[in-house]
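Input: a single structure, listed below in structure tokens.
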Amino acid sequence: MIRGHIIELKPNNVQENHFARACGVARKAYNWALYEWQRQYALDKAYRDACLASGIEMDTKKLNKPSQAKLRRELNAIKREFFPYMLEVTKCAPQLAIMQLGDAYKNFFKGLAKYPTARKKGRDDRFSLSNDQFAIKVKSIRIPNLGWVRLKEALRFDGKIMSATISKRGGKWFVSVAVEMQASSLPTKKTGKSVGIDLGITDLLVLSDGTKIKAPKPLKANLKKLRTLNKALSRKKKGSKNREKAKTKLSRLHYKIRCIRQDSLHKITSDLVKAFDVMAIEDLNVKGMVKNRRLSRAISDLGFFEFKRQLIYKANEQGKVVKSVGRFYPSSKTCSNCNHILGKDELTLKIREWICPACQVSHNRDLNASINILNNATVILTAA
């Protein structure tokens with residue numbers, strides 16, 4: 001398995017400037033390759049269509065189908081003349097950026113992602129390194145064309161180092177190191193327990209054993225401050241240093257909110273995996289849920305998708321099982337005692353308690369749903 005360890009860097013001013021230039025090079029290479037990919041694809045399609053329309057046999061030498069390997073060779077051939085500044089940073093910055101574009105197109109054609117878009121400064125500040133281009137020694141990392149940069153902590157994982165990505169978030173620089181590790185050798189304690197999990201807004205989780213877990217909701221807690229900083233940023237003159245300072249403050253607050261949410265989800269998912277052998281969840285349509293203008297902010301603040309991702313990969317590592325119930329299964333409307341299903345309009349979101357008209361058993365909406373999820377989950381989920 002491959003695990004990533006994100007470590008904060010402690011660069012000086014010279015090193016920060018170098019990182020910024022390397023991010024710029026990676027961004028330029030990615031956007032150049034994206035434009036070239038589209039141009040070459042259009043030419044190739046036009047030639048194929050012309051041959052098909054006229055009945056002429058296609059000349060394979062005239063085909064111009066783009067690929068990331070081809071674009072990397074083309075960039076290497078022209079960068080000394082047209083992009084000499086690329087030579088000032090590691091060769092991995094432009095090369096791996098184009099390889100990432102190739103992966104983006106693969107995911108698009110498989111239906112796993114949207115069509116690739118251009119990278120933007122301030123949003124996509126990152127560049128990657130292959131494992132032969134950097135070294136880690138205790139609390140330092142060696143960057144090509146730069147030297148040793150201090151790390152805030154040592155790498156926690158043992159194994160083969162695969163790659164590293166340096167990025168900027170909240171005004172700080174981080175390195176994410178991917179390490180290939182052997183399957184966990186830690187003894188997995190089997191508890192023999194199973195649990196159904198109902199995700200909600202009032203309570204993040206309601207377990208089938210009656211336990212309720214609340215989320216910190218960091219976005220809601222910092223919303224007033226977030227609005228103040230957004231308003232301050234909008235009033236600053238574009239291109240000014242004061243605007244950059246306001247942008248950094250806003251970015252740091254967004255990063256703080258993200259960290260609070262991630263920390264909370266990591267603690268919750270780790271506790272669940274330790275306590276239960278089998279965990280059953282719903283296959284929620286999160287994309288559809290956030291389209292509800294009244295609930296979108298609250299749903300985004302809870303991090304449903306991230307909860308599911310963490311729970312699955314942690315369970316897989318520890319030999320535990322995560323099951324899923326069908327997306328259209330009426331877990332809230334089904335009586336967990338007699339399986340009677342309420343009508344379409346009999347259970348609105350406002351109703352939190354209801355009595356089954358068939359068996360007269362009183363139900364808490366969320367607890368009843370979690371029990372149904374546990375009893376009806378059949379699809380075993382694995383990490384992507």
Side-chain angles (χ1 to χ4, degrees), residues 1-12 14-27 29-30 68 89-104 107 119 123-186 251-252 254-256 258-263 265-267 269-270 273 306 309-314 316-318 383-384:
M1 60 182 179
I2 296 178
R3 292 291 300 271
H5 185 191
I6 301 175
I7 307 172
E8 184 180 342
L9 295 165
K10 298 170 68 177
N12 55 36
V14 174
Q15 292 168 340
E16 282 197 42
N17 289 334
H18 185 90
F19 289 159
R21 291 202 306 274
C23 288
V25 167
R27 185 170 57 249
Y30 186 94
Q68 58 90 5
V89 300
T90 171
K91 64 180 181 180
C92 288
Q95 293 294 302
L96 293 185
I98 297 176
M99 291 176 69
Q100 289 159 5
L101 176 65
D103 293 337
N107 291 331
R119 290 185 178 180
R123 186 191 68 185
D124 303 299
D125 293 336
R126 63 182 183 273
F127 67 97
S128 299
L129 301 167
S130 56
N131 58 359
D132 61 333
Q133 292 294 306
F134 70 97
I136 294 178
K137 184 171 65 176
V138 193
K139 290 187 178 182
S140 297
I141 180 171
R142 181 177 56 78
I143 309 294
N145 296 13
L146 181 61
W148 293 95
V149 181
R150 291 183 298 163
L151 303 173
K152 262 206 168 182
E153 60 176 312
L155 184 64
R156 292 198 300 263
F157 302 138
D158 292 324
K160 181 182 177 181
I161 295 176
M162 305 297 292
S163 62
T165 298
I166 294 175
S167 59
K168 188 178 184 181
R169 287 181 297 186
K172 298 179 180 180
W173 289 95
F174 298 86
V175 59
S176 176
V177 184
V179 182
E180 186 179 44
M181 304 167 61
Q182 296 295 325
S184 179
S185 58
L186 296 174
S251 178
R252 284 176 180 169
H254 276 296
Y255 176 67
K256 177 183 176 181
R258 179 182 180 274
C259 286
I260 294 171
R261 185 183 299 118
Q262 288 281 94
D263 180 66
L265 292 175
H266 272 297
K267 289 175 179 176
T269 51
S270 294
V273 171
E306 181 63 15
R309 186 191 71 84
Q310 290 185 18
L311 187 69
I312 292 172
Y313 90 74
K314 289 179 182 180
N316 291 168
E317 286 180 359
Q318 297 298 324

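Below, each value reflects all heavy atoms present in this structure, side chains not excepted, and no hydrogens, waters or symmetry copies. Bear in mind the structure is a predicted one, so any value in this text is a computation, not a measurement.
One finds no salt bridge joining Asp125 and Arg119 here, because no Lys/Arg side-chain nitrogen approaches an Asp/Glu carboxylate oxygen to under 4.0 Å.
Between Phe157 and Gly4, the closest heavy-atom pair is CE1-O, 3.7 Å. Residue Ile166 comes nearest to Leu9 through the heavy atom pair CG2-CD1, 4.0 Å, listed as atom of the first residue, atom of the second, then distance. Of all the heavy atoms in Arg169 and Tyr255, the pair that sits closest is CB-CD1, 4.2 Å. Nearest heavy-atom pair, Ala93 versus Phe127, reported as atom, atom and distance to 0.1 Å: CB-CB, 4.2 Å. Among all heavy-atom pairs drawn from Ala97 and Tyr30, the shortest one is O-CD1, 3.3 Å. For the pair Leu129 and Pro144, the tightest heavy-atom approach, listed with the atom from each and the gap, is CD2-CD, 4.2 Å.
Put simply, the side chain of Ser128 reaches to within 4.5 Å of the side chain of Gln100, judged on heavy atoms. In this structure, the side chains of Val175 and Ile6 stay at 4.5 Å or more apart for every pair of heavy atoms. When side chains are defined from C-beta on, His18 counts as touching Val89, because their heavy atoms get closer than 4.5 Å. Between Lys137 and Trp148, the closest side-chain pair of non-hydrogen atoms falls below 4.5 Å. Within the 4.5 Å cutoff, no side-chain heavy atoms of Arg142 are placed close to those of Phe134.
The salt bridge (charged side-chain N to carboxylate O under 4.0 Å, His left out) search around Arg309 returns Glu306, not counting sequence neighbours. Among residues two or more places apart in sequence or in another chain, the side-chain hydrogen bond (donor to acceptor under 3.5 Å, both in side chains) test is passed with Asp124 by Arg126. In this view, Arg3 and Glu317 satisfy the salt bridge (charged side-chain N to carboxylate O under 4.0 Å, His left out) rule, not counting sequence neighbours.
Without hydrogens or angle criteria, Gln310 side chain to His266 main chain gives a donor-acceptor distance under 3.5 Å. Under the 3.5 Å distance criterion, the side-chain polar atoms of His5 are left unmatched by any main-chain donor or acceptor of Leu155. In this structure a side-chain-to-backbone donor-acceptor pair under 3.5 Å is missing from Lys172 to Arg252.
Within a 6.0 Å sphere centred on CG of Asp132, heavy atoms belonging to other residues, nucleotides or ligands number more than 12.
Within the model, atoms CG of Leu146 and CD1 of Ile141 stand 10.0 Å from one another, a figure rounded to the nearest 0.5 Å. From Ile98, atom CD1 reaches atom CG of Asp103 across 12.5 Å, with rounding to the nearest 0.5 Å. To the nearest 0.5 angstrom, Phe174 atom CZ is 11.0 Å from Ile7 atom CD1. Considering CD1 of Ile161 and CG of Asn131, their distance stands at 8.0 Å, rounded to 0.5 Å. Atom-to-atom distance recorded for Thr165:OG1 and Leu96:CG is 8.0 Å, nearest 0.5 angstrom. Note that the CD atom of Gln133 and the NZ atom of Lys91 stand 5.0 Å from one another [nearest 0.5 Å].
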